[in-house]
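One structure below.
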Amino acid sequence: MPEDILVDIKKDYVLSKLRDNERIDGRKFDEFRKVEIKTGIIEKAEGSALVKLGNTQVLVGIKMQPGEPFPDTPDKGIIIVNAELVPLASPTFEPGPPDEISIELARVVDRGIRESEAVDLSKLCIEAGKNVWMVFVDIHALDDDGNLLDASAIASIAALMNTKVPASRFGLGGDFELPINDVPISVTSLVVGDKFLVDPSRDELSIGNTTLTVTVDRDDNIVAMQKSGDYLLSESLLDQIVEASIRVSRKIRENLLSQVSKC
Amino acid sequence: MPEDILVDIKKDYVLSKLRDNERIDGRKFDEFRKVEIKTGIIEKAEGSALVKLGNTQVLVGIKMQPGEPFPDTPDKGIIIVNAELVPLASPTFEPGPPDEISIELARVVDRGIRESEAVDLSKLCIEAGKNVWMVFVDIHALDDDGNLLDASAIASIAALMNTKVPASRFGLGGDFELPINDVPISVTSLVVGDKFLVDPSRDELSIGNTTLTVTVDRDDNIVAMQKSGDYLLSESLLDQIVEASIRVSRKIRENLLSQVSKC
Amino acid sequence: MPEDILVDIKKDYVLSKLRDNERIDGRKFDEFRKVEIKTGIIEKAEGSALVKLGNTQVLVGIKMQPGEPFPDTPDKGIIIVNAELVPLASPTFEPGPPDEISIELARVVDRGIRESEAVDLSKLCIEAGKNVWMVFVDIHALDDDGNLLDASAIASIAALMNTKVPASRFGLGGDFELPINDVPISVTSLVVGDKFLVDPSRDELSIGNTTLTVTVDRDDNIVAMQKSGDYLLSESLLDQIVEASIRVSRKIRENLLSQVSKC
Amino acid sequence: MSRPDKFIIDGKRLDGRLPDQLRPIKIEVDVLKRADGSCYIEMGKNKVVAAVYGPREAFPRHIQDPSKVVVRYRYNMAPFSVEERKRPGPDRRSIEISKVSKEAFEAVIMKELFPRSVVDIFVEVLQADAGSRTACINAASVALVDAGIPMKGMLTSVAVAKVDGVLVLDPMKEEDNFGEADMPFAFLIRGGKIESVALLQMDGRMTRTEIKEALNLAKKGAMEIYNLQREAIMKQFVEGGEENA
Amino acid sequence: MSRPDKFIIDGKRLDGRLPDQLRPIKIEVDVLKRADGSCYIEMGKNKVVAAVYGPREAFPRHIQDPSKVVVRYRYNMAPFSVEERKRPGPDRRSIEISKVSKEAFEAVIMKELFPRSVVDIFVEVLQADAGSRTACINAASVALVDAGIPMKGMLTSVAVAKVDGVLVLDPMKEEDNFGEADMPFAFLIRGGKIESVALLQMDGRMTRTEIKEALNLAKKGAMEIYNLQREAIMKQFVEGGEENA
Amino acid sequence: MSRPDKFIIDGKRLDGRLPDQLRPIKIEVDVLKRADGSCYIEMGKNKVVAAVYGPREAFPRHIQDPSKVVVRYRYNMAPFSVEERKRPGPDRRSIEISKVSKEAFEAVIMKELFPRSVVDIFVEVLQADAGSRTACINAASVALVDAGIPMKGMLTSVAVAKVDGVLVLDPMKEEDNFGEADMPFAFLIRGGKIESVALLQMDGRMTRTEIKEALNLAKKGAMEIYNLQREAIMKQFVEGGEENA
């Protein structure tokens with residue numbers, strides 16, 4: 001009950017600020033929180049990255065192993081994205097198999113990587129039709145202070161950029177760097193009436209999980225979109241969000257590349 | 001609560017009619033509802049049939065693929081019957097893995113097909129001990145207005161009669177019709193005191209799920225029986241139901257064969 | 001509620017007796033209940049033993065089949081210990097997958113067998129790296145009158161001593177006796193303040209599941225220990241329990257060997 | 001196991017029995033301490049144990065019935081009870097057997113006496129042979145008496161099979177696996193007489209006439225089993241009384 | 001299925017359609033007796049059926065919302081609906097589709113009218129083709145009208161794909177599998193006009209300009225589907241009236 | 001990894017440590033915002049993070065205890081924490097570790113202060129090395145202090161192994177995998193002194209005398225870890241105070 005009252009108070013505060021065209025933490029409407037990226041912190045993983053997006057923290061680890069290719073892509077590696085919203089990260093997460101929220105998160109991150117062709121899967125074939133590299137991208141939420149999705153997407157591509165293919169461990173020649181072709185950036189906006197707030201914090205999300213995620217590749221193409229939440233989106237707002245997402249994605253990508261020396 | 005009252009009223013009505021030796025919908029005690037069968041409606045399946053039994057509707061689809069035979073029947077194909085009582089079909093069905101009701105239904109249908117040797121499994125061997133055809137019979141309930149079991153059994157055999165073995169898709173020669181030897185018919189009766197009502201409707205079942213199912217092959221042999229529900233059955237009633245089931249099964253089979261051109 | 005009151009009364013009784021340095025059933029503090037062992041009672045199993053420890057009853061059955069070895073022990077057989085605390089054995093057990101109690105029980109029994117090297121796994125290799133004997137030790141609780149763990153451990157080793165490797169059934173030569181090198185004995189004590197009661201009965205356990213299990217091999221080595229329950233153990237008590245466990249284990253082993261003619 | 005050429009030679013079955021003869025049966029009552037009632041039965045190579053708990057408070061609450069007791073029945077096979085190790089947990093076969101067995105007992109337990117309560121019947125198959133469901137029902141029936149649960153009568157179960165065209169009582173494994181039909185029954189026996197059928201299943205191929213004959217053969221077998229159930233209960237009653245004296 | 005060399009030849013798609021042309025659509029209302037509302041739709045080779053139950057009491061209690069109705073949506077594929085048999089039960093894809101579809105309906109149902117209740121929307125894909133989620137939303141929308149659930153308007157869904165650099169309406173399987181982008185929409189249509197977007201997903205590669213064009217193409221398609229939905233409801237209304245007369 | 005020929009050469013272990021020497025330890029307090037208390041620990045190559053939530057209302061209700069707080073403990077390994085990717089979700093090992101760790105904390109938390117409530121302790125193994133359960137307990141202990149949960153003292157955990165017949169403190173992976181015994185402890189430390197044993201497990205082969213020696217070696221190691229735990233808490237207390245000033 002007190003929890004509910006707190007949410008209501010936060011909500012009122014966010015909305016009243018919005019009426020003055022302000023965000024509660026003073027950010028501009030299209031401004032991300034500070035992004036900090038540390039890669040390679042899990043030595044046992046093939047690649048890893050810890051991303052802090054304000055107080056939101058996500059750790060992504062990459063494990064690789066040989067496996068059978070999909071029948072329709074016999075000469076291509078396989079990427080599997082999985083997200084665990086463990087109860088450590090938020091009082092609202094519960095132990096157990098992935099729920100609809102973590103499944104949606106993993107699938108949207110997956111689409112950004114897949115559709116931007118960020119990983120060159122054709123270079124992950126060991127023996128066509130028989131054996132290819134499987135890349136497991138495991139998203140492990142640590143602290144949910146809002147917008148876990150963008151933090152997960154950034155951590156995933158950063159971890160992939162940090163990945164060495166462990167060929168020698170499997171007697172398959174020398175290790176080599178995972179071939180990366182693109183750096184997709186996902187930009188999530190909270191939609192409130194006719195306004196939108198990029199990279200919403202948890203306090204801002206107290207008004208509802210009504211978001212639009214737009215993932216952009218390095219050529220300003222949109223590679224994935226996901227409207228999430230029970231709201232109606234106007235056409236004009238959709239275009240504004242797409243425009244802003246492209247703009248914001250460039251900054252985030254630049255920031256990411258400055259912190260992750262690669263590509 | 002109002003639901004309970006409704007059930008009680010229906011129950012009283014069914015029982016009062018019964019005292020006058022009448023059924024609430026005017027049917028004779030050994031009379032099936034109208035049976036309508038449409039086959040081949042799911043083009044992507046190897047075979048399919050939609051059966052309407054009054055307002056009860058069941059869709060059965062057949063999928064086939066090569067697989068390993070059972071060790072004790074190395075030269076015979078395999079039939080797997082599975083039933084999903086999806087919540088679309090009734091307010092009392094819940095999402096989730098099969099419960100005891102859907103398992104019983106699938107197993108009784110399975111026994112009818114298996115024991116009548118309706119499908120000639122010896123003609124479904126690809127390579128003895130290694131590779132045989134697996135026939136998946138998937139029962140998908142659409143509308144439960146009573147006696148899903150008989151509707152499912154009819155739809156299953158009708159779908160099997162409609163099935164083409166997809167040999168060419170698996171590079172195993174030309175497609176051929178699934179070899180059918182018999183047309184088992186299941187006849188379910190609702191037992192009420194010393195009376196029994198063939199093919200009970202949902203309204204009739206408001207007095208309890210106290211049924212006896214008798215499955216009959218084309219030579220009037222009984223190939224499967226299942227007493228279901230918490231009641232005591234007298235010897236004489238048992239024989240009466242067996243006798244009636246044989247009689248009724250002939251009509252249903254004739255009806256089925258007239259609608260499904262085969263066998 | 002009445003159940004709770006009964007537990008409280010039992011607890012008070014156990015504690016008041018303890019103040020007089022007595023156990024409610026008159027046993028000495030380091031005295032086991034009577035152990036009765038019957039082996040070979042499940043003819044279909046490769047080995048079996050029913051153990052009665054007072055009124056506690058456990059049945060263990062051994063099944064064996066060839067399977068792939070672990071990569072790090074390519075020339076050794078595999079032992080898998082599994083415990084089912086079926087609801088038949090106690091009003092507090094529930095149907096469903098193993099809970100933390102049955103998992104702990106199985107793992108502690110497993111460690112005793114494994115660390116004492118009771119079964120000579122090197123003699124269970126069929127073809128190194130490819131095929132070895134898998135030994136399934138299935139613990140089936142029948143009646144829980146306290147200390148299921150020790151009863152299970154005794155029944156497990158007794159059943160293993162009773163086991164014939166079913167080589168002929170798999171066309172792998174003649175059957176032979178499972179090679180047994182040691183007879184580990186687990187001794188569980190209930191810790192109450194600065195005292196401990198060996199082989200606690202269910203009534204004694206009404207004061208809490210605060211136990212220490214010490215498993216001893218035939219050379220008086222400790223091969224496994226497990227503190228279980230939310231209590232604090234003093235150093236001196238720890239040593240006393242270890243000492244007593246070694247002493248008691250010799251008697252139990254002797255008793256076991258006298259009932260199971262082998263090793 | 002492979003199919004025998006003939007099931008009946010010189011009027012005798014593979015294990016030497018006559019067609020209308022039961023396998024050896026052994027019944028022990030009150031074999032478990034924790035359960036409110038229990039029974040161990042051997043029927044051929046079947047070894048099963050049944051426990052009854054209740055009437056006790058039904059939990060979770062929403063399963064309670066304000067007008068009568070809820071009956072639960074769990075048929076479970078030990079992993080080592082069969083030739084090839086069975087993975088623990090219920091499979092489709094166990095779930096179906098549990099359902100029809102539960103319904104048989106629901107039909108004979110005086111349910112109205114214990115509203116809002118539950119009676120739990122747990123049967124464990126320690127070693128499985130043909131007819132384990134019938135052995136379990138016989139054990140559960142005795143366990144219910146041992147637990148003092150009021151019933152309309154005794155529930156007694158036996159199967160009939162058809163082999164080489166002949167109906168045989170209480171089939172063994174070969175007859176069950178390779179026979180032409182299998183038909184398990186459970187009967188309500190009251191006042192020493194079979195009153196009605198509480199459980200009935202069948203698969204195979206039988207004529208209407210054969211079904212009637214099978215019923216009669218089953219009734220004969222059930223009466224013999226019933227007498228053994230009665231005897232075991234009596235013995236327990238007398239000995240239990242002595243122990244308590 | 002393998003990738004075609006070209007998707008558009010002489011301005012026509014592989015199945016002969018123009019880029020802005022829908023697949024054939026068939027809509028039947030009130031096809032199930034048990035459900036409070038139902039609808040069957042064929043859209044290309046998709047065959048889907050939707051059922052609506054409710055508003056009814058929400059159970060278990062803790063899911064109840066004292067201020068509004070709870071909406072549940074279950075997208076489920078029949079095992080035989082796809083080329084290779086699908087194992088029964090929800091997979092990750094079904095769970096995501098169910099989530100975004102539910103949210104689209106939550107945005108248009110008058111939720112405040114039925115506090116503490118639940119509206120269940122069940123859609124079964126009997127045969128799957130490209131765009132099964134859009135077919136399901138269209139069916140569910142009609143089923144909700146059939147069930148008399150008050151909504152702000154009709155929800156109508158269609159996808160746009162990009163193949164050979166051209167945007168095409170209502171993609172077929174080849175366009176979906178091998179195309180450059182896929183973008184499903186659902187619109188709220190009120191008073192005969194498209195008001196806003198209730199569902200939006202995208203994967204592939206599109207420029208900002210293409211997204212605007214895709215939206216316009218989808219709107220054109222949605223209006224056509226909307227007219228068919230309206231027609232089917234009207235027909236049912238008239239015929240249903242006749243039947244009841 | 002294969003078995004080394006010798007574990008101790010010239011009195012030194014494979015990683016250069018003396019037998020009674022700990023691996024390097026790093027402790028950070030209050031590393032998470034959402035949790036009520038948190039701690040990150042590195043202990044050798046172990047990297048673990050612990051979070052504490054509570055005391056909060058116990059849900060579902062039936063787990064509430066009217067006389068004391070309920071303690072839950074969840075040890076979980078990230079899929080990428082080990083050489084070969086671990087499937088998400090609890091396995092038998094994790095469940096056992098969670099049980100004995102929970103019981104250790106139940107023995108030291110002042111449970112009576114918060115009836116009907118729950119304290120949740122979640123530990124995530126981000127990278128696993130030998131002794132991950134001990135690292136997790138040490139982190140959880142600090143996180144409980146950070147969350148302000150009253151305890152009888154600090155819980156500090158360390159293991160002892162036996163290799164080449166020698167007892168070694170805080171074993172590394174090779175010593176754990178191929179050693180002759182492994183024995184994890186957790187101690188209650190109050191007023192700077194070890195009071196009693198809260199967690200104790202052992203597998204391998206040890207004499208009674210060795211067990212006593214192992215205990216003493218573990219106590220020495222625990223005191224060192226305890227001082228690091230204290231230091232980290234103090235630092236946080238001072239810095240946290242500064243931050244808030």
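These numbers come from the heavy atoms of this one structure, side chains and all, not from hydrogens, waters or symmetry mates. Letters A, B, ... mirror the listed sequences (proteins, then strands); counts begin at 1.
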>> Counting C-beta onward and ignoring hydrogens, is there a side-chain heavy-atom pair between A:I41 and F:L126 closer than 4.5 Å?
In response: no

> Is the closest basic N to carboxylate O distance between A:K44 and F:E84 below 4.0 Å?
Replying inline: no

> Is it true that a side-chain atom of F:R34 and a backbone atom of A:D143 form a donor plus acceptor pair closer than 3.5 Å?
Replying inline: no

> Would you say F:R3 has more than 12 foreign heavy atoms packed within less than 6.0 Å of its CZ?
Replying inline: yes

>> Between A:E46 and chain F, with a heavy-atom cut-off of 4.5 Å, which part of the residue counts as in contact: side chain, backbone, both or neither?
In response: neither

> Can you name the closest pair of heavy atoms from A:P91 and F:Y53 and give their distance?
Replying inline: CD-CE2, 3.5 Å

>> Measuring only between side-chain heavy atoms, which start at C-beta, is A:V60 closer than 4.5 Å to F:F80?
In response: no

>> As an exercise: rank F:A51, F:P79, F:P90 by heavy-atom pairs under 4.5 Å with chain A and give me the winner.
In response: F:P79

> When only pairs under 4.5 Å are counted, which of A:A45, A:P98, A:P166, A:S90 shares the most heavy-atom pairs with chain F?
Replying inline: A:S90

> Can you tell me if NZ on F:K111 sees more than 12 non-hydrogen neighbours from other groups inside 6.0 Å?
Replying inline: yes

> Counting distance only, does the side-chain N/O of F:K45 pair as donor-acceptor with the main-chain N or O of A:E43 below 3.5 Å?
Replying inline: no

>> Let me confirm one number: the CG-CG distance from A:L88 to F:D120, rounded to the nearest 0.5 Å.
In response: 11.0 Å

> Taking it one step at a time, do F:R74 and A:V86 satisfy side-chain contact (heavy atoms from CB on, under 4.5 Å)?
Replying inline: CA-CA 10 Å; F:R74 185 177 187 258; A:V86 292; 4.2 Å; yes

> Is the number of heavy atoms from other residues, nucleotides or ligands within 6.0 Å of NZ (A:K10) greater than 12?
Replying inline: yes

> Would you find more than 12 non-hydrogen atoms of other residues, nucleotides or ligands less than 6.0 Å from A:K38 atom NZ?
Replying inline: no

> Quick one: does A:Q57's side chain get under 4.5 Å of F:V49's, heavy atoms only?
Replying inline: no

> Is chain A contacted by the side chain of F:S81, its backbone, both, or neither, given a heavy-atom distance below 4.5 Å?
Replying inline: backbone

> Does any heavy atom of chain A fall under 4.5 Å from the side chain of F:K33, the backbone, both, or neither of them?
Replying inline: both

>> Taking side chain as everything from C-beta outward and backbone as N, CA, C, O, which of these in F:R85 sits under 4.5 Å from a heavy atom of chain A? Side chain, backbone, both or neither.
In response: both

> So what's closer than 4.5 Å to chain A heavy atoms on F:V52: side chain, backbone, both or neither?
Replying inline: neither

>> If we define contacts as heavy-atom pairs under 4.5 Å, which of A:D144, A:N82, A:T56, A:I62 has the most with chain F?
In response: A:D144

>> Looking at F:M234, I want to see if its CE is surrounded by more than 12 non-hydrogen atoms of other residues, nucleotides or ligands under 6.0 Å.
In response: no

>> At a heavy-atom distance under 4.5 Å, which candidate from F:P88, F:A50, F:A35 has the highest pair count against chain A?
In response: F:P88

> Do other residues, nucleotides or ligands put more than 12 heavy atoms under 6.0 Å from A:R27 CZ?
Replying inline: yes

> Does A:E68 CD have over 12 foreign heavy atoms under 6.0 Å away?
Replying inline: no

